[in-house]
Amino acid sequence: VKKNIVDAIKNYEELNFRTAGNHVVFEIPNALRWYMRRVGKIENANKKVLKEALEKTVKILTPIAPHFCEEMWQLLGNKEFVAMEKIESEKHDDSYEKGEELVQQVANDIEEIKKLVKGKMKKAIIFVADEWKFNAYKMKEEGKDGKIIIKEIVSRNKDSGKEIASFVLSLKETIPIVDKKDQQEILTDAKKFLTDSTGLEIEILYSAESKDRKAKSASPIKPGISLE
């Protein structure tokens, strides 16, 4: 929610009202729906956090839909006019957001795989990519040439030369990622949610711990997933 508020304010300042509206009308509700999915049911939601998020959403939407927002502001228990409230920029933690995006991606990927696999599956094994893939990815982010990346990574992983070259050459564009250790911790912390969400037992492994072909396909932006 905070990221979308920051983006909406930036677009308001640049007079991009349509884009600002998209952040408020579509992206923030999506974030709130994900929060509700994560906590399981309304009774588990942090009422204070939820009320604060809704109030900030109403304030940021006010320039576009003032009459509607005044009604919503009153329903949230406020007596003053929301049009008089100050809209302040928000600080947000990118690492937390990336972690939640990772969990959401894995949950969605498991559901998509379930649709393609015949028979009843009981377990999902999630593979976090090898360390050298994270190193190669970060070097690509830094703008290093592919040949230099391959040479440096192969020098430390001589048995994986062909795989390294293929992976590095496949990297066209990079996006911010969650590092290897954090991926493992985030997914481990989310095991109960993933089990409840997918109906499958969840196991988290590093790719090096398995010979499963899905372990080899794991990348820093997309963990490997095998159902059994």
Side-chain angles (χ1 to χ4, degrees), residues 1-14 16 18-42 44-61 64 87-112 124 126-129 131 133-142 171-198 202 204 206 218-225:
V1 171
K2 288 183 177 180
K3 179 183 184 302
N4 283 291
I5 288 174
V6 170
D7 290 340
I9 290 174
K10 181 175 182 294
N11 279 284
Y12 276 140
E13 291 172 345
E14 296 173 354
N16 296 323
R18 182 185 294 276
T19 305
N22 284 338
H23 283 292
V24 184
V25 176
F26 298 108
E27 299 302 330
I28 290 180
N30 285 340
L32 291 173
R33 276 192 288 271
W34 173 247
Y35 171 71
M36 295 308 301
R37 184 179 171 189
R38 279 290 260 142
V39 299
K41 51 185 177 180
I42 189 66
N44 297 335
N46 184 313
K47 305 298 188 295
K48 182 179 178 181
V49 169
L50 197 55
K51 184 174 186 292
E52 181 181 347
L54 290 171
E55 286 181 339
K56 288 177 179 179
T57 302
V58 170
K59 284 200 287 185
I60 205 72
L61 183 60
I64 298 174
I87 300 175
E88 298 179 350
S89 186
E90 296 278 340
K91 291 182 179 179
H92 65 281
D93 185 350
D94 279 332
S95 62
Y96 177 80
E97 180 186 332
K98 291 299 174 189
E100 284 301 301
E101 288 176 356
L102 174 68
V103 174
Q104 187 173 19
Q105 173 191 319
V106 168
N108 291 340
D109 286 348
I110 291 174
E111 291 299 335
E112 289 302 312
I126 303 167
F127 300 105
V128 177
E131 183 70 32
K133 289 185 178 180
F134 284 88
N135 292 336
Y137 198 90
K138 288 176 182 177
M139 291 167 72
K140 181 69 174 179
E141 275 188 312
E142 294 167 359
L171 295 177
K172 303 303 180 184
E173 296 181 358
T174 60
I175 58 175
I177 60 170
V178 179
D179 67 31
K180 178 184 174 183
K181 184 177 180 228
D182 287 343
Q183 277 197 22
Q184 199 274 342
E185 291 178 354
I186 288 165
L187 292 170
T188 298
D189 288 343
K191 278 178 72 173
K192 184 180 184 306
F193 164 74
L194 291 170
T195 294
D196 293 343
S197 177
T198 64
I202 300 294
I204 316 295
Y206 288 121
S219 78
I221 61 172
K222 195 175 183 66
I225 299 172

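Side-chain atoms are counted along with the backbone in the values below, which use heavy atoms only and exclude waters and symmetry mates. Here the structure is a predicted model, which is why all the values come from computation and not from measurement.
Panel note: side chain Q105, backbone I221; a donor-acceptor pair is recorded below 3.5 Å. Of the possible polar contacts, one joining the Y137 side chain to the I175 backbone as a donor-acceptor pair under 3.5 Å is found. Judged by distance alone, with hydrogens and angles left aside, the side-chain atoms of E131 form no donor-acceptor pair with the main-chain N or O of K180 at under 3.5 Å. A donor-acceptor pair under 3.5 Å links the side-chain atoms of Y12 to the main chain of I60, judged by distance alone.
For the pair I28/I5, a side-chain contact is recorded, criterion being any heavy-atom separation below 4.5 Å from C-beta on. Using a 4.5 Å heavy-atom cutoff, the side chains of N30 and N4 are not in contact. Put simply, the side chain of E112 does not reach to within 4.5 Å of the side chain of N108, judged on heavy atoms.
Under a 4.0 Å N-O distance rule, the pair K56/E52 qualifies as a salt bridge. A salt bridge links K98 with E101: at least one charged nitrogen is closer than 4.0 Å to a carboxylate oxygen.
Atom CG of L102 is separated from atom CG of L187 by 4.5 Å, given to the nearest 0.5 angstrom. Here the CD1-CG distance, from I204 to L194, works out to 6.5 Å after rounding to the nearest 0.5 Å. Rounding to the nearest 0.5 angstrom, the gap separating the CD atom in Q184 from the CD1 atom in I126 is 10.5 Å. Interatomic distance, CG of D182 versus CZ of F134, reported as 9.5 Å (0.5 Å rounding). The distance from atom CG of L54 to atom CG of L61, rounded to the nearest 0.5 Å, is 12.0 Å. Here the straight-line distance linking atom CG of D7 with atom CG of N16 works out to 11.5 Å at 0.5 Å rounding.
Considering V6, T19, N22 in turn, T19 is the only one that fulfils the side chain to side chain contact (heavy atoms under 4.5 Å, CB included) rule with N11.
For D196, the salt bridge (charged side-chain N to carboxylate O under 4.0 Å, His left out) partners are K192, not counting sequence neighbours.
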Pair Y35-E100, side-chain contact (heavy atoms from CB on, under 4.5 Å): steps then yes or no: CA-CA 10 Å; Y35 171 71; E100 284 301 301; over 6 Å; no

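Of all heavy-atom pairs between A107 and R37, the closest is CB-NH2, 3.9 Å. Looking at every heavy atom in both residues, I64 comes nearest to G21 through CD1-CA, 3.5 Å. Taking every heavy atom of both residues into account, P220 and A129 meet most closely at N-CB, 3.9 Å. Closest heavy-atom contact between K133 and S219: CD-CA, 4.5 Å. Taking each heavy atom of P176 and E141 in turn, the nearest pair found is CA-OE2, 3.8 Å. When all heavy atoms are compared, the tightest approach of K47 to I42 is NZ-O, 3.5 Å.
W34 and Q104 form no side-chain donor-acceptor contact under 3.5 Å, judged by distance and modelled atom types alone.
Annotation for K51: atom NZ counts as buried by contact number, over 12 foreign heavy atoms lying within 6.0 Å.
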